[in-house]
Structure formats: structure tokens, C-alpha cells
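Please read the structure below before turning to the comments.
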Amino acid sequence: MMKPAAAFALSLALVTACSPADPSQAAPDPAADEPDIRLEAVTADSVNQLEGELRCSFKRGDDNTVLLIAAANVGDAARASAAITLEGMERKLAGRGEGGFGALEKTGGVFSGEDVTVTITPSEPVAGEMSESVVQAATLKVQRPEGSQQAYEGVWTCGP
């Protein structure tokens with residue numbers, strides 16, 4: 001029969017031998033893969049609150065989830081609005097600039113709410129898309145006032 005002190009020493013030796021010597025080699029924390037700011041699919045209720053005759057949407061590239069819908073009227077003085085679902089809460093955001101639907105289509109936009117700013121930055125047209133809609137690769141960036149941010153790659157589609 002092993003004495004308690006010897007059993008403890010053996011247990012400690014086994015734990016030490018099985019533990020990585022370098023903490024950076026430890027198993028990754030699953031929470032570390034979670035984004036700082038989590039956008040979810042936009043709901044129909046959120047979209048119905050938007051004013052504007054024409055719409056644009058941002059779809060996340062890896063799964064085609066619609067993360068933002070923007071709406072605006074045609075006209076240089078028109079302002080856009082947008083809908084998002086941020087960490088389970090539906091949000092309506094106001095467009096910062098004028099330019100109406102034409103500005104949404106060409107340059108994306110910057111939208112602000114109580115504690116969040118969302119920027120859509122379109123880049124090159126998506127090849128193979130044949131429709132009346134304008135379809136471009138884009139980045140959606142979400143920022144909080146304290147500095148946390150999250151970027152999503154996807155597609156910006158404007159039009160019918």
C-alpha cells in the first residue's frame with residue numbers, strides 16, 4: 001500500500017508530466033474564436049421599419065446570411081437607413097451621408113446607432129452575376145465606441 005505522501009507526489013508528477021510546459025501550447029479557448037461583436041440575420045420586422053423605395057443588402061460570404069439591409073429613396077438629399085440584429089437585439093441605424101440610393105449603390109455607406117457604427121465598403125463587381133442588381137464584393141465593419149470591432153467579408157447587392 002502506498003503512503004499518502006508518496007501517492008500525492010506521484011499524482012503531482014503525473015499532472016506535471018501531462019501538462020504542457022509552455023502555456024501557449026495549452027488547448028485553445030473556444031471563446032477566443034467568438035467575434036468581439038456578433039451580428040445575426042436581419043429579421044423581417046427590422047426590414048419593415050425601414051423607409052425608402054430601394055434596398056441594398058449585405059450577405060456574409062461564408063453562409064449567405066443577410067447581416068444588414070439598407071433602404072433609401074432616389075435623390076441627392078435623401079438619407080439611407082439600415083437594419084441589423086446585433087447580439088440578439090434588432091437595431092435601426094441612420095445613414096450618415098446624403099446621396100440616397102445612388103450613394104448606397106456606389107459607395108456603400110456609414111450607419112450609426114446608439115452604441116454602434118457600421119461601415120459598408122464595396123470593392124469589385126462579382127463575376128457571373130447577370131441581373132438588374134448591382135452585386136459587389138464588400139466588407140462590413142462594425143465598431144463600438146470603446147474601440148471593439150468586427151469585420152465580415154461578403155457581398156453587397158443593390159437593386160431589384
All N/O donor-acceptor pairs, side-chain side in residues 95-114, below 3.5 Å, sequence neighbours left out:
| unit_1 | atom_1 | unit_2 | atom_2 | d |
| --- | --- | --- | --- | --- |
| R96 | NE | S112 | OG | 2.8 |
| R96 | NH2 | S112 | OG | 3.2 |
| R96 | NH2 | T117 | OG1 | 3.4 |
| T107 | OG1 | A103 | O | 2.9 |

Checklist entry - With respect to L86, which candidate in V118, L93, V116 satisfies the side chain to side chain contact (heavy atoms under 4.5 Å, CB included) definition? => result V116

Next on the checklist: Restricting to side-chain hydrogen bond (donor to acceptor under 3.5 Å, both in side chains), what partner residues turn up for R60, sequence neighbours left out?
Outcome noted: D62, D63, T65

Checklist entry - Got W156 and L68 here, is their nearest side-chain heavy-atom distance under 4.5 Å? => result yes

Next on the checklist: Going by disulfide (SG to SG under 2.5 Å), name the pairs with one or both residues in residues 69-107, residues two or more places apart or in two chains.
Outcome noted: none

Item to check | Atom of I84, atom of L67 and distance for their closest heavy-atom approach | outcome: CG2-O, 3.6 Å

Item to check | Minimum side-chain heavy-atom gap L39-L140 below 4.5 Å | outcome: yes

Item to check | Separation between CZ of R55 and SG of C158, rounded to the nearest 0.5 Å | outcome: 12.0 Å

Item to check | ILVMFWY clustering at 4.5 Å (side-chain atoms), partners of V42 | outcome: V47, L50, V66, I69

Next on the checklist: According to salt bridge (charged side-chain N to carboxylate O under 4.0 Å, His left out), does anything in residues 137-156 pair up with another residue at least two apart or in another chain? List the pairs.
Outcome noted: E87-R144, D115-R144

Checklist outcome for this item: To the nearest 0.5 Å, atom CG of D45 lies from atom CD of E90 at 5.5 Å

Item to check | From CD (E51) to CD (E53), nearest 0.5 Å | outcome: 12.0 Å

Checklist entry - For N73, what residues pass the side-chain hydrogen bond (donor to acceptor under 3.5 Å, both in side chains) criterion, not counting sequence neighbours? => result none

Item to check | Neighbour count above 12 (heavy atom, 6.0 Å) for D76 CG | outcome: no

Item to check | S123 side, atom OG; Q136 side, atom CD - distance, nearest 0.5 Å | outcome: 7.0 Å

Item to check | Y152 to V142 - nearest heavy-atom pair and separation | outcome: CE1-CG2, 4.2 Å

